[in-house]
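Positions are given from 1 along the sequence.
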Amino acid sequence: MARKGRKRRGRSSTPAVPKTQICTIVDELGNMGLVLLLFETPSGFAIFNIDGVQLFLPKAEENIWANYVKDYMTYRVIWLKEFKTFKDKSNAFNHTGINSELAQMIKKWHLPGQKLAVGKQEHKSVIEQKLKISCLFNDAVMEVMWGIKHLMKSLVPQEESELPMEERLQMSYGLKTVLNRHGFNVKPEMVNERIIDTACVLYDCDLCETKHSEFFLSAGECIMEVSGIACQGWSLMKIATALKVLYDPETDIVYDDPESMLSKDELLRLKADARLYDGKLLKRTGAAVYNEIVWAREVKDDAIRLLNILVHEDGDAATPENSVPPGRGDHALTLPSLKVEKTRRSTCGNA
């Protein structure tokens, strides 16, 4: 699905967050925002340090999974400290407490005041009671656990035993959210590597659109002010197309999508008013954003076509009732929704 001539770039796997919010989370966690994590493997236990900030960001449970799709994506969020096999792993946690060997392993890496993320409620209860270490067990932590299972061979290379396929490729909440948003109701037993990879492409395309949402909101307000064209309800693609007309009135629109097309009256008005936008909109920035949005939409459409094939091949490509058709809807990003979200964030910031 990669476009010819476009270099593979680094990715930001989560929506942009104000630095002040990140600093607040780091201060509250201490230890530079690092959280210790205990992961149970088929033959033992592994201790990791993870970027604890990811657990407390808005909609963390929807975004964390995208850090764990491929091993090269994990180097900034998780680091293995130690792995140890246990002859009788079933006795590591029991009715009397915690195995002394495992307890020593945890204490070896635990820093004063540091949180410990665990994958089971019973582990949380025993560790907090016996070791007096504050533990985290919630939906965000379970998304990290899903990611470690998915990439266990690279994250825990010393582990020689294999996880059962149904456990390694079980559905994560974030993965399910992306698939559902685009009209795919994929059952957990249908999940495979190609579905995960393709869903991650959709996630990145959605992220690209979200990244430019504030720019498009401002542009829509400017179009209303200068040309008197109401942009309420317009998709991001349609606003991008309008901006393309303003920046280069003589050019043809590259992306042939009915959703992005302007009416004849809108097109004529924008072309006639193009000079009125000088000094109001940054042309170079707008052109770059347009190209990126078009590229993201083309890649998204390719990904959706592939998902339709993959899901049908596995049996059951269900499109939920009352959902938008796959690939349509700009994942609910229209001018009204952007304005509501902007108002909400402003209100929260002043609270």
Side-chain angles (χ1 to χ4, degrees), residues 1-9 11-13 62-74 143 146-147 149-154 162-210 235-238 240 253-261 291-333:
M1 285 177 286
R3 285 288 180 270
K4 184 177 180 181
R6 191 178 182 92
K7 295 182 179 179
R8 186 182 192 178
R9 303 178 301 174
R11 66 193 293 277
S12 172
S13 58
E62 294 184 14
N63 297 312
I64 287 174
W65 76 281
N67 286 315
Y68 298 89
V69 174
K70 295 295 183 184
D71 53 6
Y72 69 84
M73 299 175 177
T74 64
E143 291 295 287
W146 174 90
K149 288 180 181 180
H150 178 55
L151 298 176
M152 192 181 72
K153 279 301 179 184
S154 61
E162 294 275 357
L163 281 170
M165 181 62 71
E166 63 272 13
E167 186 174 352
R168 183 166 64 91
L169 290 177
Q170 62 184 324
M171 182 78 75
S172 81
Y173 177 80
L175 172 60
K176 181 179 180 181
T177 299
V178 173
L179 290 170
N180 287 349
R181 185 161 64 213
H182 291 279
F184 294 97
N185 185 18
V186 179
K187 300 174 183 177
E189 60 269 22
M190 296 167 59
V191 175
N192 57 39
E193 293 285 352
R194 295 184 71 191
I195 287 177
I196 293 173
D197 291 348
T198 310
C200 188
V201 172
L202 285 180
Y203 175 88
D204 281 345
C205 291
D206 288 347
L207 206 62
C208 174
E209 295 182 355
T210 302
S235 70
L236 297 191
M237 195 63 232
K238 186 169 182 177
I253 302 303
V254 176
Y255 192 71
D256 186 17
D257 179 353
E259 187 180 85
S260 69
M261 291 300 100
N291 290 334
E292 190 169 348
I293 288 293
V294 169
W295 174 82
R297 180 52 69 90
E298 290 174 345
V299 172
K300 178 188 284 189
D301 285 351
D302 285 349
I304 286 169
R305 280 191 287 269
L306 178 56
L307 267 177
N308 271 311
I309 295 171
L310 293 174
V311 177
H312 275 294
E313 282 180 349
D314 283 339
D316 219 340
T319 301
E321 292 184 11
N322 301 322
S323 69
V324 295
R328 293 291 175 260
D330 280 345
H331 79 280
L333 283 181

With rounding to the nearest 0.5 angstrom, report the [atom1] to [atom2] distance, [X] to [Y].
X: Leu151; Y: Trp146; atom1: CG; atom2: CH2; result: 7.5 Å
X: Asp302; Y: Arg305; atom1: CG; atom2: CZ; result: 4.5 Å
X: Thr210; Y: Leu236; atom1: OG1; atom2: CG; result: 8.0 Å

Using side-chain heavy atoms (C-beta onward) and a distance below 4.5 Å, is [X] in contact with [Y]?
X: Phe184; Y: Asn180; result: no
X: Leu179; Y: Met171; result: yes
X: Val311; Y: Asn185; result: no
X: Met190; Y: Leu310; result: no
X: Lys300; Y: His182; result: yes
X: Ile195; Y: Asn192; result: yes
X: Asp197; Y: Val69; result: yes
X: Arg181; Y: Leu202; result: no

>> Check this for me: does any side-chain nitrogen of one of Lys153 and Asp71 sit under 4.0 Å from a carboxylate oxygen of the other?
In response: no
How far apart are the closest heavy atoms of [X] and [Y], and which atoms are they?
X: Ala296; Y: Cys205; answer: O-SG, 3.3 Å
X: Thr74; Y: Lys70; answer: CG2-O, 3.9 Å
X: Ala199; Y: Val178; answer: O-CG1, 3.7 Å
X: Gly147; Y: Tyr68; answer: CA-CB, 3.3 Å

> Taking the six-membered ring for Trp, are Tyr173 and Trp65 ring centroids under 6.0 Å apart?
Replying inline: no
> Glu62 and Thr177: side chain to side chain contact (heavy atoms under 4.5 Å, CB included), yes or no, with the steps?
Replying inline: CA-CA 7 Å; Glu62 294 184 14; Thr177 299; 4.0 Å; yes
> Can you name the side chain to side chain contact (heavy atoms under 4.5 Å, CB included) partners of Lys149, sequence neighbours left out?
Replying inline: Phe39, Leu163, Glu167, Gln170
>> Test side chain to side chain contact (heavy atoms under 4.5 Å, CB included) on Val294 and Met237; report intermediate values, then the result.
In response: CA-CA 8 Å; Val294 169; Met237 195 63 232; 3.5 Å; yes
> How would you list, by chain and number, every residue that makes a side-chain hydrogen bond (donor to acceptor under 3.5 Å, both in side chains) with Glu143, sequence neighbours excluded?
Replying inline: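 Scan of Glu143 (side-chain hydrogen bond (donor to acceptor under 3.5 Å, both in side chains), adjacent residues dropped) gives Ser172.
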